[in-house]
Amino acid sequence: MKPIAVIDLGSNSVRMSVNTISDDGKWENLLKLRETVRLGQGMEDGMLRRDSMERVVAALERFSQAAASLDCDDIVATATEAVRIAKNREDFLSLARERAGVEFRVLSGEEEARYSFIAVRDTLPIDSGVLFDTGGGSTEIMLVKNRNLICSVSTPCGAVMMTERFLDRPQSELYDEVFSIISAAAPWLSEAKGLPLYGIGGSARTLASLYEKKQITNKELNGLEISSAAVRHIYSNIEETPVAERSEIPGMDKSRADVILAGLTPVRVLLDMIDSPKLILCAYGVKEGVFFEKKDEIIKKEPNLNIVLVEPEIPQNTGNIARTCAAIGASLHLVKPLGFSISDKNLKRAGLDYWYLLDVYYYENLSDFFARTEGGRYFYATTKAPKTYAEAEFKKGDYILFGKETKGLPEELLKAGLDRCIRIPMINGARSLNLGNSAAVVAYEAMRQLDFPGLKTESEYL
């Protein structure tokens with residue numbers, strides 16, 4: 001398909017990604033551009049400054065030319081807090097339209113939060129947690145449970161905005177102000193005690209670079225975990241370093257050095273408020289969330305299969321199965337309780353960078369699973385089955401259930417569905433295969449029967 005460009009205009013920077021989508025839903029990035037434009041600078045009177053608008057439009061003109069060079073004429077552009085609150089926003093929108101040919105959609109705070117959530121959901125194996133996205137003008141905060149967005153709010157705690165508010169005030173007051181704003185805006189955070197915190201946006205990226213003491217790639221950033229203690233140490237170091245010297249801190253993004261303390265204050269506040277043990281970084285944000293939504297609108301397809309893991313215990317097995325599901329266009333269903341944290345490093349490592357290709361669903365128990373998938377066709381993988389997996393006749397969209405590594409599926413479930421129980425042949429004395437191997441064997445037999453729909457069956461080498 002022809003490339004699609006997505007532009008995200010924040011209060012501090014403007015970014016563009018140009019991506020392509022293949023027929024099977026996979027996507028590839030062709031180009032990324034970012035410029036620091038400080039659109040939200042000097043907005044004490046609620047007006048965008050003319051020089052700030054000119055910087056943005058000049059960048060947009062360059063972005064449009066770069067997209068055109070890739071034969072991309074489909075540009076989706078969104079603007080956030082600075083444009084959202086500007087009294088003269090129509091003047092800016094007209095200027096961008098007339099000079100750069102870019103038509104912006106101004107996102108509400110709720111829409112901005114939703115796109116940030118989509119970016120995390122589609123690129124990390126998140127179950128429950130608190131998400132934040134700190135930009136130049138605002139911080140969006142989201143509560144996610146069972147992979148669903150429960151609550152969200154947009155707060156005026158942006159890196160640029162708060163830096164300007166505290167230019168002539170003691171920095172010690174900054175934390176108290178942000179704490180007060182977030183407490184009032186998000187009382188539902190009391191429901192999030194002990195959950196992991198997920199960070200999105202430029203300030204979160206800079207925090208990761210400060211932690212690693214170097215500029216890092218998206219692959220290194222996505223899923224990176226930082227302990228709460230390490231975040232507090234980095235924050236204290238920045239707070240104690242004079243503003244003029246902060247750009248020399250190893251890993252510091254020099255374009256953010258003057259606003260980084262205000263940018264990281266929401267992180268520090270949220271860690272304290274929910275007593276979170278760690279911060280998990282996401283390399284993607286609003287821009288990718290917008291693209292993923294558009295991609296899903298273009299590629300509307302049902303999963304080839306549904307692989308169901310009932311109370312899995314070993315994260316590496318689940319990670320390997322996630323990778324298999326991604327490769328064959330299957331959805332992965334996880335029935336709790338899980339024997340590991342969904343943010344477990346072993347889980348992410350086994351799944352490699354395939355998570356964005358995968359739809360994952362979570363269920364509180366088997367009753368919840370059957371209630372939410374009512375009407376599906378179910379197969380039960382077990383060593384107690386009377387027939388082999390090769391004798392089963394699979395159809396597209398079937399659910400294939402696998403039990404926990406130590407006990408398998410519940411006995412009562414197998415007895416009730418004996419005609420749908422399937423087994424993998426083994427020699428006498430061999431108790432079972434590894435769960436990841438079992439899932440792959442059965443899944444590929446099902447795909448063979450379906451004639452490998454959507455899968456590449458011919459080599460480009462020979």
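Residue numbers run from 1 in the order of the sequence given. Heavy-atom basis, side chains included; hydrogens, waters and symmetry copies ignored.
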Side chains of Asn306 and Arg377, donor plus acceptor under 3.5 Å: no

Value rounded to 0.5 Å, distance of NZ in Lys336 from CG in Leu309: 14.0 Å

Greater than 12 external heavy atoms within 6.0 Å of Lys395's NZ: no

Does a donor on one side chain sit under 3.5 Å from an acceptor on the other, for Asp272 and Tyr175? yes

In Å and rounded to the nearest 0.5 Å, what is the CG to OH distance from Leu305 to Tyr399? 11.0 Å

What do the steps show when you test Glu311 against Lys407 for salt bridge (charged side-chain N to carboxylate O under 4.0 Å, His left out), and what is the final call? CA-CA 10 Å; Glu311 301 182 17; Lys407 292 185 178 179; over 6 Å; no

Measure the acute angle between the ring planes of Tyr363 and His333, then classify it against the limits of 30° and 60° as parallel, tilted or perpendicular. parallel

CG on Asn29 to OG on Ser17, rounded to 0.5 Å: 5.0 Å

Glu225 CD to Leu197 CG distance, which is reported to the nearest 0.5 Å: 12.0 Å

Drop me the distance from Phe340's CZ to Gln316's CD, to the nearest 0.5 angstrom. 9.5 Å

Between Lys404 and Val310, does the side chain to side chain contact (heavy atoms under 4.5 Å, CB included) criterion hold? Intermediate values first, please. CA-CA 6 Å; Lys404 63 169 67 177; Val310 179; over 6 Å; no

Please examine the side chains of Met16 and Cys72, heavy atoms only from C-beta on, and report whether any two atoms are closer than 4.5 Å. no

With Thr139, which of Thr155, Thr134, Asp133 fulfils side-chain hydrogen bond (donor to acceptor under 3.5 Å, both in side chains)? Thr134

Give, for atom CD1 of Ile260 and atom CD1 of Ile238, the distance between the pair rounded to the nearest 0.5 Å. 5.5 Å

Can you establish whether the number of heavy atoms outside Lys415 located under 6.0 Å from its atom NZ is more than 12? no

Heavy-atom neighbours of Lys387 NZ exceed 12 at 6.0 Å: yes

Donor-acceptor pair between Glu313 and Thr406 side chains, under 3.5 angstrom: yes

If you count every heavy atom of other residues, nucleotides or ligands that lies below 6.0 Å from Glu393 atom CD, does the total exceed 12? no

So, applying ring pair (Phe, Tyr, Trp, His ring centres under 6.0 Å) with Tyr378, which one of Phe402, Phe370, Phe394 is it? Phe370

Got a salt bridge between Glu111 and Arg114, using NZ or NE/NH1/NH2 to carboxylate O under 4.0 Å? no

